[in-house]
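Below, all heavy atoms of this structure are taken into account, side chains as well, without hydrogens, waters or symmetry copies.
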Amino acid sequence: VFKEGNKLQYCLNPSCEQKEICKLCHFCSKAGLNIEGLSDMTITKLFKEGILRNILDIYSLWQHKERIFQLESLNIKDKSFNNLMTAIEKSKQVSPNQLLAGLGLEHLGPEVVKLLLNKFRAIDKIFEAPESETKEILGIGPKVASSLKEWISREENLSMLSELKKLGFQFELSDSISTQHLKNKDHYLYGKTVLITGSFSISRDQLKEKLAEKYNLTFKSSFSSEINYLLAGESPGSKLQLAISKSVPVIYSSEVESLL
């Protein structure tokens with residue numbers, strides 16, 4: 001098992017240790033819950049020590065403070081440990097989109113997760129829905145429906161979802177997001193597909209999350225006939241010239257910032 005870009009490559013061996021490490025790394029990465037302090041290296045060492053064996057173990061790491069301090073290769077002491085505990089606690093506040101993406105199901109990238117949650121409104125309901133209903137969603141194919149069914153059929157995954165809920169994770173899209181969508185439904189950007197280039201005052205992940213919440217946007221990583229707008233920040237790349245040549249409307253940084 002290994003990571004190729006943001007994709008998880010899967011091993012069929014159910015007891016593969018590297019597979020479990022990869023799941024943990026993905027969950028904690030920027031593509032997942034973005035838990036600062038749990039790098040791939042730290043996760044691997046904690047796994048090898050038997051301290052961190054699955055996702056739920058992240059939320060009981062505080063119980064292993066003394067053992068972690070004894071691991072010289074990690075060099076974690078009071079300040080860094082407290083920062084890590086703060087980051088772990090903060091991760092419980094992520095959106096349902098981030099949580100579901102962080103679980104690392106095959107074929108469930110950010111855009112698919114968004115489509116599923118827009119339809120079912122809650123992580124539980126996604127897994128409860130029959131395959132036939134899931135397949136009816138535009139942009140969702142049989143591979144996604146099959147992946148959902150296969151994942152939730154494992155008792156350990158069903159149990160993990162229940163425990164994550166007990167920890168206080170948000171499983172349902174908030175009413176505030178629904179209200180924002182209704183409020184902005186007549187906005188020219190609502191429901192459009194966009195591409196981003198350049199830098200903004202906040203990270204791209206934060207920008208995507210805020211704009212998706214307000215305007216129900218879909219983000220792509222490369223040009224296609226689906227692109228309605230290009231969002232151009234400071235120091236834009238070649239995508240800006242390509243947008244101009246293709247007559248794709250460009251929204252520049254000052255206007256993008258005003259949309260937040």
Side-chain angles (χ1 to χ4, degrees), residues 1-11 13-106 108-110 112-114 117 123 151 154 156-171 202-210:
V1 181
F2 60 93
K3 290 172 78 175
E4 184 179 291
N6 285 328
K7 290 185 178 180
L8 287 175
Q9 302 302 311
Y10 288 82
C11 171
N13 178 4
S15 60
C16 173
E17 286 199 350
Q18 189 58 37
K19 181 177 181 178
E20 296 307 312
I21 292 172
C22 227
K23 282 184 191 174
L24 286 163
C25 290
H26 177 76
F27 186 83
C28 298
S29 72
K30 288 183 179 179
L33 278 65
N34 194 19
I35 303 177
E36 285 189 43
L38 282 179
S39 65
D40 290 2
M41 181 196 73
T42 299
I43 288 167
T44 302
K45 288 183 178 178
L46 290 173
F47 187 94
K48 298 293 185 185
E49 290 291 330
I51 296 172
L52 184 58
R53 304 295 288 187
N54 58 55
I55 286 169
L56 291 175
D57 285 345
I58 293 169
Y59 299 94
S60 58
L61 275 180
W62 58 271
Q63 297 176 358
H64 303 283
K65 181 177 179 178
E66 296 307 320
R67 278 190 67 194
I68 291 171
F69 281 8
Q70 290 168 10
L71 299 176
E72 293 183 6
S73 59
L74 286 179
N75 194 30
I76 293 177
K77 300 304 175 189
D78 276 314
K79 185 176 180 180
S80 51
F81 185 82
N82 289 337
N83 288 342
L84 176 58
M85 292 304 104
T86 300
I88 288 172
E89 192 61 29
K90 184 181 175 183
S91 73
K92 296 177 186 177
Q93 300 170 17
V94 299
S95 67
N97 298 62
Q98 281 180 274
L99 177 58
L100 185 53
L103 295 177
L105 277 73
E106 194 171 11
L108 262 71
V112 170
V113 164
K114 179 184 165 187
L117 279 166
I123 291 174
W151 191 88
R154 294 185 222 150
E156 66 269 23
N157 291 334
L158 192 60
S159 175
M160 178 176 65
L161 281 184
S162 175
E163 292 302 316
L164 287 172
K165 195 173 236 187
K166 288 177 186 176
L167 284 167
F169 278 94
Q170 184 183 346
F171 273 47
I202 57 177
S203 72
R204 285 196 185 186
D205 286 342
Q206 290 174 313
L207 183 71
K208 287 179 180 180
E209 186 175 356
K210 286 177 179 290

Enquirer: Got a second to check how far N34's CG is from Q98's CD, nearest 0.5 Å?
Expert: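 So the CG of N34 and the CD of Q98 are separated by 7.5 Å.
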
Enquirer: Report the distance from atom OG of S73 to atom NZ of K48, rounding to the nearest 0.5 Å.
Expert: 13.0 Å

Enquirer: Between K23 and L103, is there a donor-acceptor pair closer than 3.5 Å when you use the side chain of the first and the backbone of the second?
Expert: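 Here the side-chain-to-backbone pair does not exist.
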
Enquirer: Has E72 got more than 12 heavy atoms of other residues, nucleotides or ligands less than 6.0 Å from its CD?
Expert: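 12 or below, so no.
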
Enquirer: Calculate, to the nearest 0.5 Å, the distance between atoms CD1 and CG belonging to I123 and L161 respectively.
Expert: 7.0 Å

Enquirer: Flag the pair L61 / F81 as yes when at least one side-chain heavy-atom distance between them is below 4.5 Å, and no otherwise.
Expert: no

Enquirer: Quick one: CG on D40 to CD1 on I21, what's the gap to the nearest 0.5 Å?
Expert: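 Here the rounded value is 10.0 Å.
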
Enquirer: Side chains of F27 and L99: closer than 4.5 Å at any heavy-atom pair?
Expert: yes

Enquirer: How long is the straight-line distance from CH2 of W62 back to CD1 of I88, given to the nearest 0.5 Å?
Expert: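 These two atoms lie 12.0 Å from each other.
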
Enquirer: Nearest heavy-atom pair of F169 and S91: which atoms, and what distance?
Expert: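 Heavy atoms only, the tightest pair is CE2-O, 3.3 Å.
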
Enquirer: Could you go through the side-chain contact (heavy atoms from CB on, under 4.5 Å) check for K65 and D78 one step at a time?
Expert: CA-CA 9 Å; K65 181 177 179 178; D78 276 314; 3.6 Å; yes

Enquirer: Quick one: closest heavy-atom pair of L33 and G102, and the distance?
Expert: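 Looking at all heavy atoms of both residues, the shortest contact is CD1-CA, 4.2 Å.
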
Enquirer: Counting only heavy atoms not in E36, do more than 12 fall under 6.0 Å of its CD?
Expert: no

Enquirer: Ignoring hydrogens, what is the shortest heavy-atom contact between H26 and A101? Give both atom names and the distance.
Expert: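 The pair with the smallest heavy-atom distance is NE2-O, 2.9 Å.
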
Enquirer: Report yes if the side chains of L38 and L46 come closer than 4.5 Å at any heavy-atom pair, otherwise no.
Expert: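 Side chain of L38 against side chain of L46, heavy atoms only: contact under 4.5 Å found.
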
Enquirer: Testing the basics here: between F69 and K77, what is the closest heavy-atom pair and its distance to 0.1 Å?
Expert: O-NZ, 3.0 Å

Enquirer: Could you please spell out the steps behind the side-chain contact (heavy atoms from CB on, under 4.5 Å) verdict for K210 and I202?
Expert: CA-CA 10 Å; K210 286 177 179 290; I202 57 177; 3.8 Å; yes

Enquirer: Specify the closest pair of heavy atoms between I58 and C28, including all atoms of both residues, with the distance to one decimal.
Expert: CD1-SG, 3.7 Å

Enquirer: Provide the closest heavy-atom pair for T42 versus L74 in the form atom of the first, atom of the second, distance.
Expert: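 Taking every non-hydrogen atom into account, CA-CD2, 3.9 Å.
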
Enquirer: May I ask you to test the T44-E17 pair for a side-chain heavy-atom distance under 4.5 Å?
Expert: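 Not in contact.
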
Enquirer: Nearest 0.5 Å please: distance from the NZ atom of K30 over to the CG atom of D205.
Expert: 7.5 Å

Enquirer: Can you confirm whether more than 12 heavy atoms, excluding those of K79, are under 6.0 Å from its NZ atom?
Expert: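 Result for NZ/K79: open.
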
Enquirer: Does K92 have more than 12 heavy atoms from other residues, nucleotides or ligands lying within 6.0 Å of its NZ?
Expert: yes

Enquirer: Looking at side-chain heavy atoms only, is the closest gap between M160 and E163 below 4.5 Å?
Expert: no

Enquirer: One pair to check against side-chain contact (heavy atoms from CB on, under 4.5 Å): L71 and K45. What are the steps and the verdict?
Expert: CA-CA 9 Å; L71 299 176; K45 288 183 178 178; 5.8 Å; no

